[in-house]
Amino acid sequence: MVDSSSTNKQRIALVIQYVGTNFHGWQRQPHYRSVQAEIEDAIASIVGHKVTIYGAGRTDSGVHASAQVAHFEVCSPIPAQKWAKVLNSCLPDGILIRASSEVDPHWHACFTATYRRYRYTIYTGKIPNLFLQPFTWHYYYQPLNENLMAEALKPMLGHHDMSAFRRAGSKRSHSLLEVQEVSCVRYEQDLINIEIQASGFLYGMVRLLVGMLVEVGAGTKSLTQFQDIWMNCRREEVKYSAPAKGLCLLRVGYPEFPFPESVWFNAQPIFTFS
């Protein structure tokens with residue numbers, strides 16, 4: 001424990017990576033292991049009292065993050081840039097702080113953010129691969145046409161009501177958001193990456209969206225059907241949610257960010273086969 005009696009309060013920003021496999025999502029909740037709780041408990045063990053951290057987004061159970069962003073306030077003699085190293089010595093396997101920095105007292109990890117970007121990875125090879133298993137959806141039942149999937153995504157650019165891809169239990173007051181960028185690319189013969197960048201995301205949105213995109217890619221839903229369902233908010237016709245393990249919070253964007261791009265911009269490797 002450190003003595004904080006003669007230090008000023010600082011607001012510290014963190015860039016955080018975690019493998020979501022063994023966590024019940026980002027948000028602290030009773031009876032379940034969460035990323036937020038692990039980091040808060042680590043901070044408390046250092047400063048001797050409870051500290052709350054605020055994340056840029058709440059990832060679901062099993063979802064990964066290559067550059068989640070959070071902040072907390074603390075009175076401590078530990079320099080802001082040293083918090084990453086100090087916390088990493090206390091955190092369990094599966095969570096890593098890539099960097100830490102002091103930010104303005106009005107800067108907020110969630111409310112200052114201008115976008116979040118997610119990547120979903122699908123492995124389409126027929127032979128299972130243990131090294132891909134924790135981070136991809138192994139979909140090998142039928143061929144997927146990534147060009148059709150990319151075509152389905154394009155009309156989503158702009159401001160839309162995305163309630164067709166909103167799971168029950170969301171506390172958000174509305175389903176309107178701005179989709180800023182979309183892509184669906186086959187980087188390797190058996191690997192498809194889907195990326196979506198938006199001002200915000202609804203509860204369960206990306207996994208429900210990917211589930212229906214796969215129907216388009218497999219030919220069981222047409223582009224017209226796909227567009228009709230989401231544009232007319234037909235939530236009852238969105239049947240399948242893609243597995244959590246293929247999803248990663250890739251990065252969060254801010255007007256001013258105290259970290260170099262090498263820390264946060266593209267920290268999840270793209271799988272390739274030589």
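In what follows, residues are counted from 1 in the order of the sequence shown.
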Visitor: Indicate, with yes or no, if the rings of Y18 and F23 have centres closer together than 6.0 Å.
Guide: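 For Y18 and F23, the ring centres are not under 6.0 Å apart.
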Visitor: Do F72 and W83 make the cut of ring centroids closer than 6.0 angstrom?
Guide: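 For F72 and W83, the ring centres are under 6.0 Å apart.
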Visitor: So which atom in T114 and which in Y254 form the shortest heavy-atom distance, rounded to 0.1 Å?
Guide: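 The pair with the smallest heavy-atom distance is OG1-N, 4.0 Å.
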Visitor: Spell out, yes or no, whether L157 and L202 are grouped together once hydrophobic residues are joined by side-chain heavy atoms under 4.5 Å, including indirect joins.
Guide: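 Linked within one cluster.
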Visitor: Output yes when a side-chain donor or acceptor of H138 lies under 3.5 Å from a complementary backbone atom of L132, and no otherwise.
Guide: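 Flag not set: sc H138 to bb L132 has no pair under 3.5 Å.
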Visitor: Restricting to non-hydrogen atoms, name the atom on S66 and the atom on A267 that form the minimum distance, rounded to 0.1 Å.
Guide: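 Shortest heavy-atom separation between S66 and A267 comes out as O-CB, 3.5 Å.
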Visitor: Would you say L209 and F226 make side-chain contact, with heavy atoms under 4.5 Å?
Guide: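 Yes, close enough: below the 4.5 Å cut-off.
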Visitor: So which atom in I196 and which in F201 form the shortest heavy-atom distance, rounded to 0.1 Å?
Guide: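 That would be O-CZ, 3.5 Å.
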Visitor: Are Q36 and Q27 linked by a side-chain donor-acceptor pair shorter than 3.5 Å?
Guide: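 Q36 vs Q27: no donor-acceptor pair found between side chains.
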Visitor: Does D104 reach the main-chain N or O of H106 with its side chain, forming a donor-acceptor pair under 3.5 Å?
Guide: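 Pair found, side chain donor or acceptor close to backbone of H106.
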Visitor: Can you list everything that forms a side-chain contact (heavy atoms from CB on, under 4.5 Å) with A150? Sequence neighbours excluded, please.
Guide: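 If we apply the side-chain contact (heavy atoms from CB on, under 4.5 Å) test to A150, skipping adjacent residues, the hits are C184.
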Visitor: Sequence neighbours excluded, which residues qualify as side chain to side chain donor-acceptor pair (under 3.5 Å) partners of T121?
Guide: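 For T121 the side chain to side chain donor-acceptor pair (under 3.5 Å) partners, ignoring immediate neighbours, are N193.
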Visitor: Quick one: are V35 and I95 in side-chain contact, heavy atoms under 4.5 Å?
Guide: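 Yes, at least one pair of side-chain atoms sits under 4.5 Å.
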Visitor: Any salt bridge linking E38 with R33? Criterion: basic side-chain nitrogen under 4.0 Å from a carboxylate oxygen.
Guide: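 So E38 pairs with R33 through a salt bridge.
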Visitor: Quick test of your reading: applying salt bridge (Lys or Arg N to Asp or Glu O under 4.0 Å), list the pairs with at least one residue in residues 191-204, sequence neighbours left out, ordered by first then second residue.
Guide: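 Residue pairs passing salt bridge (Lys or Arg N to Asp or Glu O under 4.0 Å), neighbours aside: R117-E195, R119-E195.
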Visitor: Closest heavy-atom contact between C90 and A42?
Guide: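 Heavy atoms of C90 and A42 come nearest at CB-CB, 4.0 Å.
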Visitor: Spell out, as yes or no, whether a donor-acceptor pair under 3.5 Å connects the side chain of R116 to the backbone of A56.
Guide: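 The answer is yes, because a donor-acceptor pair under 3.5 Å joins these two groups.
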Visitor: Assess whether atom CZ of F259 is packed by more than 12 heavy atoms of other residues, nucleotides or ligands within 6.0 Å.
Guide: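 Result for CZ/F259: enclosed.
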Visitor: Under 4.5 Å between side-chain heavy atoms, hopping through other hydrophobics if needed: is there a path connecting I53 to I78?
Guide: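 Linked within one cluster.
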Visitor: Just by distance, do the side chain of Y203 and the backbone of R58 share a donor-acceptor pair under 3.5 Å?
Guide: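 Judged by distance alone, no pair lies under 3.5 Å.
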Visitor: Identify the heavy atoms of S183 and L153 that sit nearest to each other, and give their distance.
Guide: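 For S183 and L153, the tightest heavy-atom pair comes out as O-CD1, 3.7 Å.
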Visitor: Is there a path of hydrophobic side-chain contacts, each under 4.5 Å between heavy atoms of I, L, V, M, F, W or Y residues, that connects I270 with I192?
Guide: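 No, I270 and I192 fall in different hydrophobic clusters.
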Visitor: Taking S175's backbone N and O only, do any of them form a donor-acceptor pair with S163's side chain (distance below 3.5 Å, no angle check)?
Guide: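 Side chain of S163 to backbone of S175: no pair is present.
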Visitor: Kindly assign one of parallel, tilted or perpendicular to the pair Y123 and F273, based on the angle between their ring planes and the thresholds 30° and 60°.
Guide: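 Taking F273 first and then Y123, their aromatic rings sit tilted (interplane angle of 30° to 60°).
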Visitor: Using a strict threshold of under 4.0 Å (side-chain N to carboxylate O), is an ion pair present between D228 and K221?
Guide: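 No, no charged N to carboxylate O under 4.0 Å.
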Visitor: Can you give me the closest heavy-atom contact between P105 and E73, atom names plus distance?
Guide: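 Minimum heavy-atom contact is O-OE2, 4.4 Å.
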Visitor: Would you check if the side chain of Q29 reaches a backbone N or O of H24 as a donor-acceptor pair within less than 3.5 Å?
Guide: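 Present.
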Visitor: Tell me whether R186 contacts the main-chain N or O of L144 through its side chain, where contact means a donor paired with an acceptor under 3.5 Å.
Guide: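 Yes, the answer is positive, given that a donor and an acceptor are paired below the 3.5 Å cut-off.
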Visitor: Any side-chain to backbone donor/acceptor pair from R207 onto V210? Under 3.5 Å, distance only.
Guide: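 Side chain of R207 to backbone of V210, a donor-acceptor pair under 3.5 Å: no, none is there.
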Visitor: State plainly whether one hydrophobic cluster holds both M212 and Y139, where clusters connect Ile, Leu, Val, Met, Phe, Trp and Tyr through side-chain heavy atoms under 4.5 angstrom apart.
Guide: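 The answer is yes; both residues are in one hydrophobic cluster.
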